[in-house]
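What follows is a single structure, written as C-alpha cells, with notes after it.
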Amino acid sequence: PRELESAKSQVRRLGFVDFVTLQKAVSSVDLNLVPLQLSPFTFSKSELKYFEAAAVGTVTMASPTPLFSATINDSLNGYLAPAGHWRNRFAEFSYLPDETRKEIGLRARAHALEAYTPATVSRKLESLFLNSD
C-alpha cells in the first residue's frame with residue numbers, strides 16, 4: 001500500500017514455504033506481529049502465531065484478545081498492543097537494547113516449551129476428557 005511505500009526497501013515478501021523455512025524466516029525478524037480486531041471471531045483464534053515465534057525466540061506483539069492477554073505477560077514474554085497504541089508499543093520495542101529483546105524472546109521460548117509441548121498438551125487433554133461427565 002501507498003502508506004508503506006517509504007519502507008519498501010525494508011520489506012521482503014516470501015511466497016508459500018514449508019514449515020521449516022517458515023520457522024527460519026520467523027527467527028530472522030525482530031518482532032512477530034499479531035494485530036487482530038476484537039471480535040467474537042478473533043476471540044476464537046489460537047495462540048499458534050505466538051508459540052511458533054516463541055519456539056525460535058522471536059518476540060510477539062499481539063492485540064489483547066482474551067487468549068493473548070492470558071498467554072502474554074506484557075513486556076516479559078511478549079507485548080500486548082491495544083488498538084490505537086501500536087505506534088507507541090513499536091517505539092517502546094525499538095528502543096530496547098538487543099540483549100533485552102533477546103531475553104524477552106528467551107522467556108517466550110521457555111514459556112512455549114513449558115506450555116505447548118505434545119506432552120503438556122496431551123496431559124491437559126487427558127484431564128479434560130477423563131474428568132468430563
Side-chain angles (χ1 to χ4, degrees):
R2 186 177 27 216
E3 295 84 7
L4 296 178
E5 196 63 38
S6 64
K8 188 175 184 176
S9 66
Q10 299 172 349
V11 175
R12 259 186 316 154
R13 295 179 66 149
L14 300 175
F16 287 105
V17 297
D18 62 75
F19 180 74
V20 174
T21 304
L22 175 62
Q23 289 306 103
K24 184 176 181 183
V26 171
S27 73
S28 73
V29 300
D30 294 324
L31 189 60
N32 176 47
L33 303 177
V34 188
L36 298 169
Q37 292 181 335
L38 300 183
S39 72
F41 174 74
T42 59
F43 291 172
S44 69
K45 291 194 168 282
S46 76
E47 61 272 61
L48 175 67
K49 293 303 171 194
Y50 162 78
F51 70 77
E52 283 182 338
V56 293
T58 298
V59 178
T60 292
M61 184 177 292
S63 298
T65 63
L67 188 64
F68 282 116
S69 293
T71 302
I72 295 174
N73 191 337
D74 194 44
S75 302
L76 292 177
N77 68 337
Y79 283 86
L80 296 171
H85 294 269
W86 280 82
R87 183 179 299 229
N88 292 340
R89 299 310 317 254
F90 283 140
E92 181 183 333
F93 182 81
S94 72
Y95 289 116
L96 290 176
D98 288 343
E99 188 58 35
T100 303
R101 291 180 186 189
K102 185 176 181 176
E103 289 171 6
I104 295 169
L106 290 174
R107 282 194 293 269
R109 185 172 193 280
H111 173 248
L113 291 174
E114 175 186 308
Y116 302 107
T117 61
T120 302
V121 173
S122 65
R123 280 193 302 274
K124 288 179 185 177
L125 289 172
E126 285 175 3
S127 174
L128 284 172
F129 293 127
L130 295 177
N131 294 325
S132 65
D133 294 322

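Excluded from the calculations below are hydrogen atoms, water molecules and symmetry mates; all remaining heavy atoms, backbone and side chain alike, are included. Note that the numbering runs from 1 along the sequence shown for the chain.
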Inset, instruction - Evaluate the side-chain proximity of Ser94 to Arg101: yes if any heavy-atom separation is below 4.5 Å, no if none is. - result: yes
Legend entry - Proximity of His111 and Tyr116 rings by center, below 6.0 Å: yes
Legend entry - Pro64 side chain reached by His85 side chain, heavy atoms, under 4.5 Å: no
Inset, instruction - Find out whether Thr65 and Leu38 are in side-chain contact, i.e. whether some heavy atom of one side chain is under 4.5 Å from a heavy atom of the other. - result: yes
Inset, instruction - Please answer: with hydrophobic residues joined when any side-chain heavy atoms are less than 4.5 Å apart, are Leu4 and Val11 in the same cluster? - result: no
Inset, instruction - Determine, using the 4.5 Å side-chain heavy-atom cutoff (strictly less than), whether Leu31 and Val56 are members of one ILVMFWY cluster. - result: no
Legend entry - Side-chain heavy-atom pair Thr60, Thr71 within 4.5 angstrom cut-off: no
Legend entry - Over all atoms of both residues, closest heavy-atom pair of Ser63 and Leu36: OG-N, 2.7 Å
Legend entry - Same apolar cluster: Val34 and Phe51, side chain cutoff 4.5 Å: yes
Inset, instruction - Using a strict cut-off of less than 4.0 Å between a Lys/Arg side-chain nitrogen and an Asp/Glu carboxylate oxygen, indicate whether Glu92 and Arg89 qualify as a salt bridge. - result: yes
Legend entry - Cluster link Leu33 to Leu67, ILVMFWY, side chain under 4.5 Å: no
Inset, instruction - Find out whether Leu80 and Phe68 are in side-chain contact, i.e. whether some heavy atom of one side chain is under 4.5 Å from a heavy atom of the other. - result: yes
Legend entry - Closest approach of Ala25 to Leu14 (non-hydrogen atoms, all atoms of both residues): CB-CD1, 3.7 Å
Inset, instruction - Kindly work out whether a path of hydrophobic side-chain contacts (I/L/V/M/F/W/Y, heavy atoms less than 4.5 Å apart) joins Val121 to Leu128. - result: yes
Legend entry - Whether Arg109 side chain and Ala54 backbone form a donor-acceptor pair below 3.5 Å: no
Inset, instruction - Of all the heavy-atom pairs spanning Asp74 and Tyr79, show the shortest one and how long it is. - result: OD1-CA, 3.2 Å
Legend entry - Atom pair CZ (Arg2) and NZ (Lys8), whose distance is rounded to the nearest 0.5 Å: 14.0 Å
Inset, instruction - Report yes or no: does Ser69 contribute a side-chain atom to a donor-acceptor pair with the main-chain N or O of Pro66 at less than 3.5 Å? - result: no
Inset, instruction - Check whether any side-chain heavy atom of Ile72 lies under 4.5 Å from a side-chain heavy atom of Asn77, and answer yes or no. - result: yes
Inset, instruction - State plainly whether the residues Glu52 and Lys49 are in salt-bridge range, i.e. N to O under 4.0 Å. - result: yes
